[in-house]
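Notes for the one structure printed next.
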Amino acid sequence: MNEKIQAPTVRVFIALAPPDDAKDELAEALRPAYDAYPTMRWNRIEDWHITLAFLGEVSTATIPLLREPLAHLAETRRPLRLALRGAGCFDERVLWSGIDGDLDGLHLLAADVRAVIRDCGTAFEDRPLRPHLTLARARRDDPACVGQVAAGLASFSGRPWHAERLHLVGSNFGRGPGPIRYRDIEAWDFRGSR
């Protein structure tokens with residue numbers, strides 16, 4: 001019998017994902033930076049997301065506890081109208097794109113997601129939401145490139161789009177030494193009235 005052995009823990013977060021055409025638009029604006037700074041650790045475009053709550057390493061037994069409450073929350077919410085706008089950096093090493101649009105709705109959704117997590121008895125670090133999409137990290141020996149790329153993207157203004165799904169995401173599937181990979185554990189459509 002060939003059984004798949006499941007890891008006892010998984011790194012988990014809850015997020016929104018921009019649609020492919022919005023990500024493609026930003027990737028096109030980043031093309032000169034990709035060419036100019038190939039040694040930056042660029043996140044894969046398919047992994048771009050807006051984190052609402054980061055749970056960190058949790059027991060795999062936590063996942064079933066979150067599914068029904070998160071599904072119910074998504075069912076009651078309407079899609080959020082958002083856009084990717086500008087850029088900046090955290091700690092001089094992390095490059096991000098900013099989020100624009102219904103930021104009040106985004107903060108409310110994040111607060112409700114975090115309440116669901118607490119109600120499920122899951123401990124996590126409840127940091128203030130700073131809506132962004134992480135694009136890359138600079139290598140320790142060349143942090144200046146992040147500021148240069150951010151300055152070049154400062155005037156970027158992406159087209160508006162609707163965030164229509166809530167994603168429960170696991171990271172580092174496979175747990176190898178390579179780059180972090182993300183995979184939806186589950187995702188739910190927002191079904192509230194538009």
Side-chain angles (χ1 to χ4, degrees), residues 6-26 43-86 88 90 94 96-135 158-174 180-194:
Q6 186 175 19
T9 63
V10 63
R11 291 176 66 86
V12 174
F13 59 89
I14 293 113
L16 303 176
D20 289 344
D21 55 348
K23 293 190 289 188
D24 290 343
E25 184 180 30
L26 178 56
N43 290 4
R44 298 180 325 152
I45 188 171
E46 58 267 32
D47 290 337
W48 287 354
H49 63 273
I50 303 162
T51 302
L52 301 174
F54 180 74
L55 282 65
E57 198 80 22
V58 299
S59 164
T60 54
T62 301
I63 303 306
L65 301 175
L66 295 170
R67 281 188 165 117
E68 188 176 330
L70 288 172
H72 176 71
L73 176 63
E75 187 175 286
T76 65
R77 297 315 261 258
R78 64 178 178 76
L80 294 173
R81 186 173 169 88
L82 301 172
L84 301 173
R85 189 151 344 253
F90 296 133
V94 178
W96 52 262
S97 175
I99 307 301
D100 199 6
D102 184 2
L103 296 181
D104 289 340
L106 184 61
H107 281 274
L108 181 59
L109 175 62
D112 289 347
V113 162
R114 293 165 186 217
V116 163
I117 295 165
R118 282 190 294 277
D119 290 348
C120 290
T122 303
F124 70 104
E125 191 173 346
D126 194 1
R127 295 180 178 175
L129 179 67
R130 294 171 72 182
H132 70 280
L133 187 145
T134 301
L135 302 172
R159 66 159 192 82
W161 45 272
H162 283 97
E164 297 183 338
R165 302 186 90 202
L166 184 64
H167 299 261
L168 176 62
V169 183
S171 65
N172 264 3
F173 282 92
I180 295 172
R181 297 289 188 244
Y182 303 114
R183 183 183 78 193
D184 274 1
I185 295 170
E186 197 150 343
W188 303 273
D189 292 335
F190 293 127
R191 298 191 185 275
S193 60
R194 290 186 185 221

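Quick note: residue numbers are just sequence positions, from 1. All values derive from a computational prediction rather than experimental measurement.
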Original post:
Taking C-beta and beyond as the side chain, do I45 and D24 meet within less than 4.5 Å on heavy atoms?
Top reply: yes
**OP:** Sort and list the pairs that fulfil side chain to side chain donor-acceptor pair (under 3.5 Å) and have at least one residue in residues 113-125, not counting sequence neighbours.
**Re:** R114-D126, R118-D126, E125-R127
Original post:
How many angstroms lie between atom CG of L70 and atom CD1 of I63, to the nearest 0.5 angstrom?
Top reply: 9.5 Å
Original post:
Atom CG of L82 and atom CD1 of I99: how far apart are they, to the nearest 0.5 Å?
Top reply: 6.5 Å
Original post:
Which heavy atom of L84 sits nearest a heavy atom of L26, and at what distance?
Top reply: CD1-CD2, 3.9 Å
Original post:
Can you name the closest pair of heavy atoms from T134 and W48 and give their distance?
Top reply: O-CD1, 3.7 Å
**OP:** Measure the shortest side-chain to side-chain distance between I117 and I14 over non-hydrogen atoms and say whether it is less than 4.5 angstrom.
**Re:** yes
Original post:
For the residue pair G158 and R85, what are the closest heavy atoms and their distance?
Top reply: O-NH2, 4.1 Å
Original post:
Roughly how far, to the nearest 0.5 Å, is CZ of R44 from CD of E46?
Top reply: 4.0 Å
Subject >> Rounded distance [0.5 Å steps], OG1 in T76 versus CZ in R191 >> reply: 12.0 Å
Original post:
To the nearest 0.5 Å, how far apart are CZ in R67 and SG in C120?
Top reply: 12.0 Å
Subject >> Side chains of F54 and R11 in contact at under 4.5 Å (non-hydrogen atoms) >> reply: yes
**OP:** Report yes if the side chains of F90 and R130 come closer than 4.5 Å at any heavy-atom pair, otherwise no.
**Re:** yes
Subject >> Check: H49 ring centre within less than 6.0 Å of F13 ring centre >> reply: yes
Subject >> Inter-residue atom distance E75.CD - F190.CZ, 0.5 Å rounding >> reply: 12.5 Å
Original post:
Do you know which two heavy atoms are closest between L66 and P69, and how far apart they sit?
Top reply: O-CD, 3.3 Å
Name the atoms and distances for all side-chain donor-acceptor pairs under 3.5 Å in residues 102-113, with sequence neighbours left out.
{"residue": "D102", "atom": "OD1", "partner": "G105", "partner atom": "N", "Å": "2.8"}
{"residue": "D102", "atom": "OD2", "partner": "R78", "partner atom": "NH2", "Å": "2.9"}
{"residue": "D112", "atom": "OD2", "partner": "R77", "partner atom": "NH1", "Å": "2.5"}
{"residue": "D112", "atom": "OD2", "partner": "R77", "partner atom": "NH2", "Å": "3.2"}

Subject >> Pairwise side-chain contact, R159 with D21, heavy-atom cut-off 4.5 Å (strictly under) >> reply: yes
**OP:** Compare every heavy atom of S97 with every heavy atom of G86, then report the nearest pair and how far apart it is.
**Re:** O-OG, 3.3 Å
Original post:
Where is the tightest heavy-atom contact between K23 and P18, given as atom of each residue plus distance?
Top reply: CE-O, 3.5 Å
**OP:** Flag the pair V10 / T62 as yes when at least one side-chain heavy-atom distance between them is below 4.5 Å, and no otherwise.
**Re:** no
